[in-house]
Amino acid sequence: MSSSRTLARVAATALLFAAVQARAQVVRVAPVPLTLGVPAVLAQSASLPFYAGLLARQNAGETLDLSAVPRPGLASCDGGRFMLTQGSGRYEKLHAGEHMELFVPEDQPLPSGSVVLERGVPGELAAAANLLSSRGKTGSNPVLVGIFTDGKTFVRVRAGREDIDAPLSKAAYEEEELSAALLERAGAARAKLARRLASPSFRAKSILERRSALLKMLDAAGR
């Protein structure tokens with residue numbers, strides 16, 4: 001694992017412990033009803049009963065199609081970049097230039113130019129939205145979500161992939177490991193391979209696509 005990703009993971013862990021110590025009392029604000037007929041990236045958050053109902057059905061074993069349900073990720077922000085705490089699976093599918101919706105604690109400074117979609121989002125709504133997962137119960141971490149959302153209100157923002165760090169992304173870690181393994185085997189072709197992996201066309205792909213491409217390269221090289 002690279003030193004930068006190691007530091008990022010340490011920072012993410014520190015933020016979670018800080019969240020436990022900073023559960024301030026907040027005023028609850030009624031969520032805005034779900035807006036239909038517009039792209040999901042611009043839709044208002046659904047109501048808490050809507051999310052709670054879906055979550056109860058999923059917990060009962062029902063398989064849900066969540067493709068049209070707004071489910072912003074959870075993130076911290078120091079005013080410069082967003083650090084994703086929950087929602088890595090959604091982030092891993094993004095291509096260069098694409099955006100992701102995030103719930104960020106209302107008391108944290110946002111980067112200049114951030115697109116704010118909604119303020120005063122209750123922590124219960126942010127939690128329910130993130131406990132819903134296309135992978136069912138295995139795709140969420142109730143303890144992590146609870147620590148991050150308990151006793152808080154959130155701002156809902158739209159952020160570009162380039163403004164988000166995802167230190168807890170397993171796929172991003174695997175991509176780094178695969179890149180390192182390929183470069184180690186490349187020998188005289190190392191410089192050429194490094195340029196390919198750093199090229200705009202390769203970096204524009206999603207993390208999942210880049211990981212898949214690296215696996216195929218390794219297979220072609222005989223592992």
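Numbering starts at 1 and runs along the sequence shown.
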Among all residues two or more places apart in sequence or in another chain, which pass the side-chain hydrogen bond (donor to acceptor under 3.5 Å, both in side chains) test with [X]?
X      : answer
Arg161 : none
Glu174 : Arg211
Arg190 : none
Glu62  : Arg57

Going from [atom1] on [X] to [atom2] on [Y], what distance comes out if it is rounded to the nearest 0.5 angstrom?
X      : Y      : atom1 : atom2 : result
Ile207 : Glu176 : CD1   : CD    : 9.0 Å
Glu101 : Arg71  : CD    : CZ    : 11.5 Å
Glu106 : Thr153 : CD    : OG1   : 4.0 Å
Leu144 : Leu168 : CG    : CG    : 7.0 Å

Minimum heavy-atom distance [X]-[Y], with the two atoms named:
X      : Y      : value
Pro70  : Arg156 : CB-NH2, 4.2 Å
Leu208 : Ala171 : CD2-CB, 3.9 Å
Leu102 : Ala75  : CD1-CB, 4.0 Å
Ser179 : Leu214 : OG-CD1, 3.4 Å
Glu92  : Ser169 : OE2-OG, 2.7 Å
Ile164 : Tyr91  : O-OH, 3.4 Å

List, one per line, each side-chain donor-acceptor pair under 3.5 Å for residues 195-204, sequence neighbours excluded.
| unit_1 | atom_1 | unit_2 | atom_2 | d |
| --- | --- | --- | --- | --- |
| Ser199 | OG | Arg196 | O | 2.8 |
| Ser199 | OG | Ser201 | OG | 3.3 |
| Ser199 | OG | Phe202 | N | 3.3 |
| Arg203 | NH1 | Glu175 | OE2 | 3.2 |

_For the residue pair Lys152 and Phe148, would you count it as a cation-pi contact if the rule is NZ or CZ under 6.0 angstrom from the ring centre and within 45 degrees of the ring axis?_
yes

Just jot down the side-chain contact (heavy atoms from CB on, under 4.5 Å) partners of [X], sequence neighbours excluded, or say none.
X      : answer
Ala126 : Leu74, Phe103, Thr149, Phe154
Val116 : Leu110, Arg119, Val155, Val157
Pro111 : Cys77, Phe82, Ser114

*Run the side chain to side chain contact (heavy atoms under 4.5 Å, CB included) check on Leu55 and Asn59 step by step: do they pass?*
CA-CA 6 Å; Leu55 189 58; Asn59 288 340; 3.8 Å; yes

*Can Leu84 and Met100 be said to form a side chain to side chain contact (heavy atoms under 4.5 Å, CB included), step by step?*
CA-CA 11 Å; Leu84 197 62; Met100 179 176 179; 4.0 Å; yes

Using modelled atom types and a 3.5 Å cut-off, is there a donor and acceptor pairing between side-chain atoms of [X] and backbone atoms of [Y]?
X      : Y      : result
Arg210 : Lys205 : yes
Asp165 : Pro167 : no
Glu98  : His95  : yes

*Side-chain heavy atoms of Val115 within contact of Leu117, under 4.5 Å*: yes

